[in-house]
Amino acid sequence: MQTPPLPKGTRDFYPESMRIQNFIFDIWRKAALRFGYEEYEGPMFEHLELYTGKSGEEIVSQLYDFKDKGDRHIALRPEMTPTLARLVIQKGNSLKKPFKWFSIPRLFRYERAQKGRLREFFQLNLDIIGTESIYAEADLLSAIAYMLMDFGLKTEDFSIGVSSRKLLNAYLAEIGVSEVSKVYPVLDRRLKIEKEDFYSELAATGLSLEQTKKLDQFMDSKSIEEVEAKISSDESKAALDEIKQLFKTLQASGAGKSITLDLSIVRGLAYYTGIVFEVFDKGKSMRAIAGGGRYDSLCEKLGGDKVPGVGFGMGDVVLANLLEERGLLPSSKQSLDFFVASFTNDMDKIFEVAGKFRKLGYSVNHPLSPTKLGKQMEQANAQGAKVVVYVDGEKAPAGGFEYKVLSTGTLGAGTLEEIAQLKV
RNA sequence: GUGGGUGUAGCUCAGUUGGUUAGAGUCCCAGAUUGUGAUUCUGGUUGUCGUCGGUUCGAGUCCGAUUACCCACCCCA
């Protein structure tokens, strides 16, 4: 038969790519743990209703779904938040709140692949459940800033744009717009479409020219002062106060340099209730690195009690593209502490000595069949070994070994303990 | 779902106005070198020229269709 190809929008992870993937996951995980988030996981597929309940039926065309043998309608998870909400609802009041959780789920979306966007990918998710406090947002946003810096990015390499659904809602009410569900999708595309289309599409949702004009100007606001001058209602002021506090706290946390007010950020779906944010590389040459917001009514929508929550997702694809472009990815080459070789192909001795080094915690490899020494050296070099240890060198001291440091070509002999010190 | 670009060796690519047996580099394998790798030299393997059809004495090359990938649009949790 002909070998079937790699499915559309998926990736193979040969060892070289897997090392890069692990590098990213390690930094993600360490950063999340450093901020006190606990890791959780869920199944890779869920009942379809978990997603339609939150986002409506349209979502079905954009995910992988199937009927299982028990005629259950199943979907491969396209995002993690509904699973998280399910976990929260199931445990009910027994979870001590607030709590901070993270996960690195493998996600699936049925859509056409393009740069920065695949059908199967990974996404770091950080969420804080059980508090309406704006300091939860502050915690998440500083975690983002710190972890991006862990990757070697500078604060001026990325920007975290912050907006607020609460503020936008209040302002819409202020200018007399009540039917907001149709308005949001248009607002979300505001910067992508022509000005006249923006006006005509909003007119189609029932907005007057004057309302649209005000809204357009409002969303152009670049500073808190600018917004302050445009709003008047108590609701708007309360929403803006929240943003003020958030910015102040982020300054104190050290993440302030990357944060900007950007009211053009709306985000597609309807369940966000407060702060929304998106992270971009400077220059916005790529898709969003991360995005998220507050979803205080999600659990309620999915059949549980009302539990406030806020969180974000950061995909591996765009991030890896960005790090690659900036030269911040590590070498994808294998590395080993020691390679154990033998002049006489004494395989048993090789296994014995390799075992001794491994017991000390070092990574060790050796030939798997009798091979002449030149080949063994080639293998050691190809596998990134730092030191080759010869098990049967004639110049070795009693109980010790001859060795060669590959980077310098230095030959020597010493005891196991002395050789162990060479690795670094 | 819509539009554009590209398909030649495992990888990166060359291939003349259509002409005979399709090339280079790299990778891989072996040897030079039986107690020493990465640098050097020598030799070797690798192809349904994406697929199907058309034009032609003759197609990797021209035409049509199709398919895959890439890029953009739609959408973006």
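Chain naming here is simple, since letters A, B, ... match the order of the sequence lines and numbering starts at 1 in each.
With hydrogens and angles ignored, no donor-acceptor pair under 3.5 angstrom links the side chain of A:Lys375 to the base of B:G37. No donor-acceptor contact under 3.5 Å links the side chain of A:Arg112 to the base of B:C74.
Residue-environment remark: CZ (A:Phe343) exceeds the threshold of 12 foreign heavy atoms within 6.0 Å.
Salt bridge status for A:Arg190 with A:Asp220: present, with a side-chain N to carboxylate O gap under 4.0 Å.
Among the heavy atoms of the strands lying under 4.0 Å from A:Arg189 are primed sugar atoms or P, OP1, OP2 only; no base atom is included. In this structure, A:Gly409 reaches the bases: a heavy-atom distance under 4.0 Å links it to at least one base atom across the strands shown.
Of the candidates B:G35, B:C69, B:C74, the closest approach to any side-chain atom of A:Lys8 belongs to B:C69. Distances from the side chain of A:Glu111 to the nucleotides B:C74, B:G37, B:C75 place B:C75 closest.
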Problem - Secondary structure of RNA chain B in dot-bracket form (Watson-Crick or G-U wobble, distances below 3.5 Å, | marking inter-strand pairs) - result: (((((((..((((.....[...)))).(((((.......))))).....(((((..]....))))))))))))....

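Between the CD atom of A:Glu394 and the P atom of B:G35 there is a distance of 10 Å, given to the nearest Å. Separating the CD atom of A:Gln379 from the P atom of B:A30 is a distance of 11 Å, rounded to the nearest angstrom. Nucleotide B:G10 holds its C1' atom 15 Å from the CG atom of A:Leu6, rounded to whole Å.
Look at A:Lys372 and you'll find a side-chain N or O under 4.0 angstrom from OP1 or OP2 of B:G31.
Distance noted for atom C1' between B:U56 and B:C62: 10 Å (whole Å).
The main-chain N or O of A:Tyr40 is found under 3.5 Å from a side-chain atom of A:Ser103 such that the two form a donor-acceptor pair.
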Problem - A:Arg189 vs A:Asp197, salt bridge (Lys or Arg N to Asp or Glu O under 4.0 Å): CA-CA, chis, key distance, verdict - result: CA-CA 10 Å; A:Arg189 287 185 297 137; A:Asp197 292 335; over 6 Å; no

